[in-house]
Amino acid sequence: KRRHPQNLIWVCCVCAKGGGSVNQLGGQFLNGRPLPESKRRKMIELASEGVRPSQISRILRVSNGCVSKILSRYRRTGLLEPKTIGGSRPRLLTPGVISTIIKCKRENPTIFAWEIRKRLAAARICKASKVPSVSSINRILRKIHQQVFETVCNNDQKSKEVQQRNRTSFTPEQSRALEQEFLHSPYADMYTRERLSAEIKLPEETIKVWFSNRRAKWRRECFVCLNQIRFSSSSYKQNSTVCSSFDDYKMPEKCEPEICDL
């Protein structure tokens with residue numbers, strides 16, 4: 001059938017207004033949505049008056065198939081309201097099916113989705129017509145992999161936070177006693193560490209680490225001091241040799257650390 005140009009203009013105007021689609025009879029409808037209750041009641045009234053479905057279709061501008069379905073359902077069940085919108089399809093991935101998929105993947109990490117699907121059908125966990133598809137099984141496996149990855153990352157982050165050591169904070173009295181002992185000797189032997197531990201209430205291991213860090217700081221200060229002398233004094237540069245790097249500098253057994261303070 002050829003449409004009149006005026007009808008095409010009217011159809012385009014209706015679609016442009018956002019009113020949904022238009023069928024061949026010029027009736028407006030929303031795809032996937034049920035007909036309004038007013039049209040359904042009008043259908044029943046016209047059918048009770050003896051109007052044929054084809055005539056009802058033209059009067060209400062509704063497709064003939066839609067009219068036949070609504071009338072046959074009304075005669076069979078006496079219900080006028082539409083069925084539930086969405087959710088009518090049974091869920092294939094039930095908790096039992098998902099747990100079986102997880103179990104198969106744990107037992108054999110290299111198993112494929114189609115093999116899991118065969119196992120589900122063979123074990124009769126669900127009916128043959130309700131076995132989930134390969135794409136559905138792959139989607140479940142991806143979710144499981146993502147959850148495991150997030151759990152591992154969170155555990156690693158927590159372990160890193162636990163492994164971070166707490167810095168020891170020294171009181172002014174402890175720092176003063178350690179500095180005085182360092183001025184006397186940069187190397188604290190076992191007897192010195194025992195004596196300091198009893199005096200300032202610190203573990204011997206902490207005292208040992210403090211002396212090691214303090215010697216490293218002293219070497220840095222001396223290295224900077226000597227290089228400044230090297231570039232500032234021409235006589236020093238001509239008559240003496242200065243270490244070229246910080247690692248080349250060796251601390252003497254007995255020294256006076258305070259002479260290098262700037």
Side-chain angles (χ1 to χ4, degrees), residues 1-102 104-105 112-147:
K1 295 180 181 180
R2 296 180 62 186
R3 286 187 179 179
H4 197 275
Q6 294 180 353
N7 292 338
L8 292 176
I9 296 173
W10 179 80
V11 169
C12 293
C13 292
V14 172
C15 293
K17 291 180 181 179
S21 303
V22 177
N23 57 23
Q24 293 180 352
L25 300 173
Q28 189 178 352
F29 70 96
L30 294 174
N31 193 19
R33 307 295 295 181
L35 287 176
E37 187 178 354
S38 58
K39 280 192 176 183
R40 290 171 174 270
R41 291 189 180 279
K42 189 65 176 176
M43 260 182 223
I44 303 301
E45 291 175 2
L46 293 173
S48 62
E49 293 174 1
V51 183
R52 291 182 299 178
S54 59
Q55 294 177 346
I56 296 174
S57 174
R58 288 192 293 270
I59 293 171
L60 299 178
R61 293 182 178 180
V62 180
S63 65
N64 195 11
C66 180
V67 175
S68 299
K69 286 181 180 180
I70 292 175
L71 292 178
S72 61
R73 181 171 179 266
Y74 179 76
R75 295 192 189 101
R76 187 176 67 254
T77 61
L79 298 175
L80 183 63
E81 295 79 10
K83 294 181 180 179
T84 305
I85 303 172
S88 59
R89 183 179 178 182
R91 185 185 177 191
L92 302 181
L93 292 171
T94 58
V97 174
I98 294 175
S99 62
T100 306
I101 294 173
I102 297 173
C104 292
K105 192 65 177 177
F112 293 100
W114 62 269
E115 294 176 323
I116 296 177
R117 191 172 187 272
K118 279 189 175 181
R119 289 192 182 184
L120 291 175
R124 295 185 179 180
I125 297 175
C126 50
K127 296 181 180 179
S129 59
K130 295 184 178 180
V131 177
S133 62
V134 174
S135 59
S136 300
I137 296 174
N138 278 325
R139 186 169 60 251
I140 294 297
L141 295 178
R142 283 195 299 270
K143 288 183 179 180
I144 296 171
H145 180 73
Q146 184 178 2
Q147 291 175 357

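Just so you know, these numbers use all the heavy atoms, side chains as well, and skip hydrogens, waters and symmetry mates. The chain is numbered in sequence order, starting from 1.
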Q: Is there any side-chain hydrogen bond (donor to acceptor under 3.5 Å, both in side chains) pair reaching into residues 34-51, and which pairs are they, with sequence neighbours excluded?
A: Glu37-Arg41
Q: Pairs of donor and acceptor atoms involving the side chains of residues 51-59, under 3.5 Å and at least two apart or interchain, shall be tabulated with distances.
A:
unit_1, atom_1, unit_2, atom_2, d
Ser57, OG, Val62, O, 2.3
Ser57, OG, Asn64, N, 3.4

Q: Working to the nearest 0.5 Å, report the span between NZ of Lys118 and SG of Cys104.
A: 14.0 Å
Q: Below 4.5 Å, heavy atoms only, C-beta onward: do Val131 and Val97 meet side chain to side chain?
A: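 With C-beta onward as the side chain, the pair stays apart.
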Q: Calculate, to the nearest 0.5 Å, the distance between atoms CD1 and CZ belonging to Ile116 and Arg119 respectively.
A: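 Ile116 atom CD1 to Arg119 atom CZ measures 7.5 Å (nearest 0.5 Å).
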Q: Let me have the donor-acceptor pairs involving side chains of residues 134-144, under 3.5 Å, with sequence neighbours excluded, atom names and distances please.
A:
unit_1, atom_1, unit_2, atom_2, d
Ser135, OG, Ser133, OG, 3.1
Ser136, OG, Ser133, OG, 3.0
Asn138, ND2, Val134, O, 3.3

Q: Tell me every residue that passes side-chain contact (heavy atoms from CB on, under 4.5 Å) with Arg73, counting only those two or more places apart in sequence or in another chain.
A: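 Residues passing side-chain contact (heavy atoms from CB on, under 4.5 Å) with Arg73: Arg76, Thr77, Leu79, Lys83.
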Q: Among residues at least two apart in sequence or on other chains, which ones pass side-chain contact (heavy atoms from CB on, under 4.5 Å) with Glu115?
A: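 So Glu115 forms a side-chain contact (heavy atoms from CB on, under 4.5 Å) with Ile111, Phe112.
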